[in-house]
Amino acid sequence: MKLSPDQKLDIREVLKDLASYQPKRKGWIWRQPMTNHEVGPFILKDTSKNLINSVPLPAAHAFENMDPQCAVVVTTEIASGRFEDDLRRMRMVAWHGADHIMVIRTTGQSHIDGLIEGTPEGVGGIPITRKQIRATRKALDAIEEEVGRPINFHSYVSGRAGPEMAVLFVEEGVNGAHQDPQYNILYRDINMHRSFVDAAEAKKILADGAILQLDGAHNANATAKEAWKVTPELFVQHAINSACSRAVGMKKSFIALSTVPPMAPPAPKMRLDLTYAVALREVFEGYTFRAQQNTRYMETDTMETTVTHVLDTLISRLTPTNIQSTITPDEGRNIPWHYNNVAGVNTARQTFMGLDGLDDLVTLREEGKWREEARNLKERAVLFLEEILKGGGYFSAVAAGQFVDSGFFPERKGDGIVRFPDKGDDADTVVLRASDYGAPVCSHFGNNIYASENGKACHAYGGCTLCDPSKIQYIDEVDLEDNVETRLNKPLADRDAGLLSPEVEKHADGVVCVTIFVPDSPEIAEAAAIEMAKHMGLGSPEVISRRVMHPAEGSVFEIKGVLQMKINKHELSLPVIEQPLPDKEIEAWVRPRRLHIVGATVGEDEHSVGLHEILDIKHGGIEKYGFLCHDLGTSITIERLLDAAMEYQARAILISTIVTHAHVHEQHMRRLHELATQRGVRDRLVLLAGGTQVTDELARECGMDGGFGRGTTGRDVASFLVRSLRPKEVK
Amino acid sequence: MSGIERPDDFESRRGHLRKLSDAELHAYFWELADKIVEPLIEEARTHTTPSIERSVLLRMGFSSFEANALVDKMKMLGLLGRGAGHLILKVATAKNLSARAAGEALLGGHYWEVLSA
């Protein structure tokens with residue numbers, strides 16, 4: 001499957017022949033760092049390979065349209081509920097520099113005991129199934145070729161079916177996964193014995209499959225009452241998951257800590273967060289760091305969120321970070337919209353590129369109070385570990401409410417999450433392995449009679465799916481109604497008919513967002529803003545962000561609503577924008593032909609600046625290409641113009657009509673066309689009109705060959721002349 | 001039930017840690033962490049779960065539906081502690097079948113007597 005930048009992603013093509021599709025590579029992949037890399041007019045220090053296709057940052061046009069790529073992997077999380085809509089969003093974010101795409105699971109999938117099949121629609125995420133993963137991987141395999149950089153695909157190995165998910169991920173070419181039994185226990189109330197026994201198997205599978213593992217510690221930030229006080233515990237959560245992972249054979253470099261700067265302004269964010277970030281990286285030397293952006297203190301103001309995330313990214317830049325995750329600026333108010341994933345990715349890349357070469361300028365001080373505070377955090381974490389052991393181990397500590405307590409450990413407020421070892425989902429499902437227990441497959445953890453045999457554990461029956469992917473059983477659809485094929489009927493019919501609707505998440509959802517400032521007190525202003533949105537025709541208008549400018553002078557609101565309409569794109573009239581020919585090509589054709597051009601400002605018009613700019617070599621006009629121009633001056637009659645054209649045997653007449661009243665400019669154009677026709681020279685001449693009130697459409701209506709308005713350059717006119725005259729010569 | 005309440009007595013508790021260098025503190029941190037996970041890993045080494053067994057069957061080339069059905073029945077019969085994949089190979093050996101055919105036979109309700117023997 002090959003993508004073309006001017007063609008939409010063909011979802012039918014993605015879904016075709018999935019039963020036999022195999023991912024083109026497996027395992028996590030990093031960017032290739034490049035230093036002293038010449039990009040645009042600069043030599044950059046902290047970059048990676050450029051993309052083949054991308055959308056540069058907005059200011060890039062001032063710098064030769066450069067689009068440098070930072071050295072770290074950039075993550076975005078996508079979850080609309082319909083993977084077929086998500087694929088289009090993945091393509092957009094890839095063009096903006098994301099190369100780690102995380103797919104959020106549908107609400108409740110962690111409580112399902114086993115795998116889901118088919119392509120049912122999800123809520124707040126998608127049901128992760130083999131078909132959805134395979135289709136997504138296939139689309140990403142094509143997208144990564146389009147942009148010219150590998151893309152890591154990521155989802156979750158938690159819940160009640162962790163080991164099965166891990167197998168599925170390795171088989172289908174998923175590259176990164178969250179796996180942390182503490183998440184199951186604390187946030188999903190899945191039995192703790194079950195969670196750890198499953199985790200060991202899942203981790204072994206991930207490790208052998210070279211899948212990068214992220215832990216779940218960031219959840220403690222997001223749920224803590226005061227996020228900065230949970231930092232000692234975060235060391236501990238990271239350590240428990242990391243130690244388990246190493247114990248089953250995962251390399252440190254494949255164990256990524258999911259870490260978040262906990263604070264946001266107006267709190268003294270940098271002072272607290274940087275201290276914590278440095279302390280954590282010192283204790284976890286050799287591990288991989290995935291820096292997440294703050295969600296705990298996200299409100300509905302996307303500008304505020306963006307500034308916090310810039311500071312988060314600065315902290316990443318000042319500490320070793322391997323992966324920069326991004327949070328969409330709208331996550332505080334709705335499930336992320338397409339363009340906000342792009343905005344989040346841009347926040348990270350804009351910050352990183354702006355900080356290029358920072359290490360040459362700035363180092364962190366080795367001395368000072370912040371160093372003592374970093375040390376204190378480590379000691380608090382050690383005290384936390386000591387208390388776990390003193391109380392009888394991890395399970396007892398969870399039962400005693402030691403985790404996610406809002407106190408700054410060793411302070412305890414008595415409000416931690418409490419779970420009991422014999423309770424939770426799937427209590428009593430852990431079974432002792434018998435002395436003849438066996439699992440004749442690769443990537444299995446623990447006691448196993450097949451493991452001691454020579455060669456592979458799967459040797460007895462010719463190899464497991466990890467060795468022989470042709471043995472993978474592919475299930476297509478299980479629900480006749482709730483599947484992608486059914487859901488696609490409407491979008492594809494709309495697309496075939498050329499119908500377009502506004503969209504933020506799913507095909508034709510109709511959602512739009514308007515910004516309205518109303519000059520009154522907040523309550524009155526809000527009520528008025530909603531009424532205004534209704535008058536705009538927005539269905540179900542809802543204020544998604546409000547900000548007081550002044551208690552009496554006014555407030556600004558962002559209002560989302562639904563615009564139920566379809567525009568037929570085939571009925572749109574678009575201005576035809578033709579790129580001018582290259583200078584060299586114009587000159588090469590014009591100069592040897594010695595073409596005469598007659599120009600004038602017609603009628604009672606003394607303004608001749610416009611025509612000068614088009615003709616005169618000093619103003620970048622068409623003379624420079626070798627046209628022989630005869631500017632007759634201002635207030636010239638049409639008759640005189642034509643006389644001159646015939647005298648010089650000119651091939652084109654340019655008239656300028658700058659001041660227009662009573663449609664006199666239209667009369668001039670019509671008269672020129674008619675008189676040229678009467679004198680039998682119309683076919684030989686190219687007739688052009690220019691002026692601030694002239695449009696191409698109007699000029700053509702009045703018999704001209706073309707019209708040029710504001711902003712026209714000599715090259716535009718010269719290019720038009722060559723394109724008009726060249727075909728006549730061939731005839 | 002809630003956990004204990006305690007004021008921030010960090011200063012009085014940290015005495016034994018203050019004398020450690022940063023490197024010693026880090027080493028001690030990891031010594032404690034490894035000690036905490038040791039029993040968890042030992043339990044994982046010696047136990048299994050329905051999800052692990054289903055994941056074994058997936059790897060042996062069974063679909064998720066087949067793996068669910070087989071593991072549910074093995075669990076009901078109290079056989080899971082021997083390993084789902086191992087049980088299928090036992091049937092395959094006893095009946096001279098391929099692993100896949102043995103699993104299909106079990107799904108069809110055949111040869112379970114081989115396993116209870």
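Just so it is clear: chains get the letters A, B, ... in the order the sequence lines come, proteins before strands, and each one is counted from 1.
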Side chains of [X] and [Y]: is there a donor and an acceptor less than 3.5 Å apart?
| X | Y | value |
| --- | --- | --- |
| B/His26 | A/Glu282 | no |
| B/His16 | A/Glu379 | no |
| A/Glu117 | B/Ser64 | yes |

A/Arg246 and B/Asp34: CA distance, side-chain angles, deciding distance, side chain to side chain contact (heavy atoms under 4.5 Å, CB included) verdict | CA-CA 10 Å; A/Arg246 269 193 291 103; B/Asp34 288 338; 3.3 Å; yes
Could you check, using the six-membered ring where one of them is a Trp, whether [X] and [Y] have ring centers closer than 6.0 angstrom?
| X | Y | value |
| --- | --- | --- |
| A/Tyr450 | B/His86 | yes |
| A/Tyr287 | B/Trp30 | yes |
| A/Phe284 | B/Phe29 | yes |

With only heavy atoms counted, which part of [X] is less than 4.5 Å from chain B, the side chain, the backbone, both or neither?
| X | result |
| --- | --- |
| A/Arg160 | backbone |
| A/Asp426 | neither |
| A/Asp436 | both |
| A/Cys467 | neither |
| A/Tyr461 | side chain |
| A/Ile472 | neither |
| A/Ile417 | neither |
| A/Asp468 | neither |
| A/Glu171 | side chain |
| A/Val248 | side chain |
| A/Val283 | both |
| A/Phe384 | neither |
| A/Ser443 | both |

Count the heavy atoms of every other residue, nucleotide or ligand shown that sit under 6.0 Å from [atom1] of [X], and state whether that count exceeds 12.
| X | atom1 | result |
| --- | --- | --- |
| B/Lys75 | NZ | no |
| A/Glu285 | CD | no |
| B/Lys90 | NZ | no |

Do [X] side-chain atoms and [Y] backbone N/O form a donor-acceptor pair below 3.5 Å?
| X | Y | value |
| --- | --- | --- |
| B/Arg6 | A/Pro410 | yes |
| B/Arg59 | A/Cys458 | no |
| B/Glu5 | A/Arg412 | no |

Chain B: which of [options] shares the most heavy-atom pairs with it under 4.5 Å?
| options | result |
| --- | --- |
| A/Gly407, A/Cys244, A/Ala247 | A/Cys244 |
| A/Leu168, A/Asp405, A/Val431, A/Asn447 | A/Val431 |
| A/Ile475, A/Val478, A/Leu466 | A/Ile475 |
| A/Ala381, A/Ala200, A/Ala239 | A/Ala239 |
| A/Lys471, A/His444, A/Glu411, A/Glu164 | A/Glu164 |
| A/Ala397, A/Ala161, A/Gly393, A/Ser470 | A/Ala161 |

Report the C-alpha separation of B/Asp8 and A/Arg380 in whole Å, then their side-chain angles, then the decisive distance to 0.1 Å, and conclude whether the salt bridge (Lys or Arg N to Asp or Glu O under 4.0 Å) test is met.
-> CA-CA 10 Å; B/Asp8 187 358; A/Arg380 285 176 187 269; 3.1 Å; yes
Spacing of [atom1] belonging to [X] relative to [atom2] belonging to [Y], to within rounding of 0.5 Å:
| X | Y | atom1 | atom2 | result |
| --- | --- | --- | --- | --- |
| B/Leu40 | A/Met192 | CG | CE | 10.5 Å |
| A/Ile449 | B/Leu89 | CD1 | CG | 9.0 Å |
| B/Lys35 | A/Glu386 | NZ | CD | 10.0 Å |
| B/Phe10 | A/Leu377 | CZ | CG | 8.0 Å |

Can you tell which of [options] has the highest number of heavy-atom pairs within less than 4.5 Å of chain A?
| options | value |
| --- | --- |
| B/Leu25, B/Thr93, B/Val71 | B/Leu25 |
| B/Pro39, B/Ala92, B/Ser63 | B/Ser63 |
| B/Ala27, B/Gly78, B/Gly85 | B/Gly85 |

Heavy-atom contacts under 4.5 Å, residues 97-105 of chain B to chain A = B/Ala99, B/Arg100
In residues 47-58 of chain B, which residues are in contact with chain A at a heavy-atom separation under 4.5 Å?
-> B/His47, B/Thr48, B/Thr49, B/Pro50, B/Ser51, B/Ile52, B/Glu53, B/Arg54, B/Ser55, B/Val56, B/Leu58
For the residue pair A/Tyr437 and B/Gly81, what are the closest heavy atoms and their distance?
-> CD1-O, 3.2 Å
Identify the two heavy atoms, one from B/Asp22 and one from A/Lys378, that lie closest to each other, and give their separation to 0.1 Å.
-> OD2-NZ, 3.5 Å
Is there a side-chain contact between B/Val37 and A/Tyr394 (heavy atoms, below 4.5 Å)?
->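 Heavy-atom side-chain distance check fails, nothing below 4.5 Å.
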Does the side chain of B/Thr46 reach to within under 4.5 Å of the side chain of A/Arg433, using non-hydrogen atoms?
->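 Counting from C-beta outward, B/Thr46 and A/Arg433 never come under 4.5 Å.
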State whether B/Glu43 and A/Arg194 are salt-bridged, where the test is any N-O pair (Lys NZ or Arg NE/NH1/NH2 against Asp/Glu carboxylate O) under 4.0 Å.
->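 Looking at B/Glu43 and A/Arg194, the cut-off is not met.
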Contacting moiety of B/Leu20, where chain A heavy atoms sit under 4.5 Å | both
Proximity breakdown for B/Pro7 and chain A, heavy-atom pairs closer than 4.5 Å = backbone
Might you work through the side chain to side chain contact (heavy atoms under 4.5 Å, CB included) test for B/Ile41 and A/Phe445, ending with a clear yes or no?
-> CA-CA 10 Å; B/Ile41 293 297; A/Phe445 178 72; 3.9 Å; yes
